[in-house]
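Below is one structure, written out as structure tokens, with a few remarks after it.
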Amino acid sequence: MRKDIHIHYEHFKNGTELNEIEQELFEKAKLAREKAYAPYSNFFVGCAILLENGSIFSGSNQENAAFPSGLCAERTTLYWVSANFPNEKIKKIFIVGGPKEFSEKNPPIPPCGSCRQSIIEYETKQNENIDLYFANLNEETIKVHSIKDLLPFSFDGTFL
Ligand code: THU
């Protein structure tokens, strides 16, 4: 029997379509991006995370001469947040990425597969969705209601 999966997302053409908290998250992710340590790829990514208590934390990708030892902005930030606020729910994750020298042609940068898997872990843990946004430097933004929209048939702890 054939079945289809539909994913839902929103596309904001620029920052005027973002609300106040989304705008703040964009700005914090953009600032974090500027602190990326990415001398090998020159691809700069920033991430801002909003917690249920209203605080926002941010981080950036951290590369390494031994390439696989580097870490994406999303996981750098997620793991720090989870290590320091293990009982605080994550409400929103906002990602801003692009080459160091940004051009108008660069699209919003979606999270890589490993980061999607890591984000699923925290959605499962807190039993509540996390709004996920990814944007380019022009604030063109894609929003999904849950990382599951970007990772159908995902594997999580409920299978174990
Ligand atoms: N990168 C991220 O930080 N997040 C992603 O989801 C995609 C890739 C980083 C990893 C590496 O430092 C650089 O971008 C190029 O892959």
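Whatever order the structure lists them in is the order used to number ligands and atoms, beginning at 1.
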Point to revise | Heavy atom of protein inside 4.0 Å of atom 1 (N) of ligand 1, strictly below | key: yes

Within the supplied structure, the quantity of interest is the number of heavy atoms (other residues, nucleotides, ligands) at a distance under 6.0 Å from [X] [atom1]; does it exceed 12?
X: Tyr79; atom1: OH; answer: yes
X: Asn127; atom1: CG; answer: no
X: Lys125; atom1: NZ; answer: yes
X: Gln23; atom1: CD; answer: yes

Practice item. Tell me which part of Ser41 gets within contact of ligand 1: side chain, backbone, both or neither, using heavy atoms under 4.0 Å. Key: side chain

Review point. Looking only at distance, does Ala73 have an N or O less than 3.5 Å from an N or O of ligand 1?
Key: yes

Review point. Under 4.0 angstrom from ligand 1, any heavy atom of Pro111?
Key: yes

Exercise for review: Would you please indicate yes or no on a ring centroid separation below 6.0 angstrom for Phe102 and Phe44?
Suggested key: no

Practice item. Could you name the option among Glu74, Glu63, Arg75 that has the heavy atom nearest to atom 12 (O) of ligand 1? Key: Glu63

Review point. Can a salt bridge be assigned to the pair Glu140 and Lys13 using a cut-off of 4.0 Å between side-chain N and carboxylate O?
Key: no

Exercise for review: Around atom 9 (C) of ligand 1, find the nearest protein heavy atom and jot down its residue, atom name and distance.
Suggested key: Asn61 ND2, 3.5 Å

Practice item. Pull out every atom of ligand 1 sitting under 4.0 Å from any heavy atom of Cys72, numbered as shown with elements. Key: 1 (N), 2 (C), 3 (O), 4 (N), 5 (C), 8 (C), 10 (C)

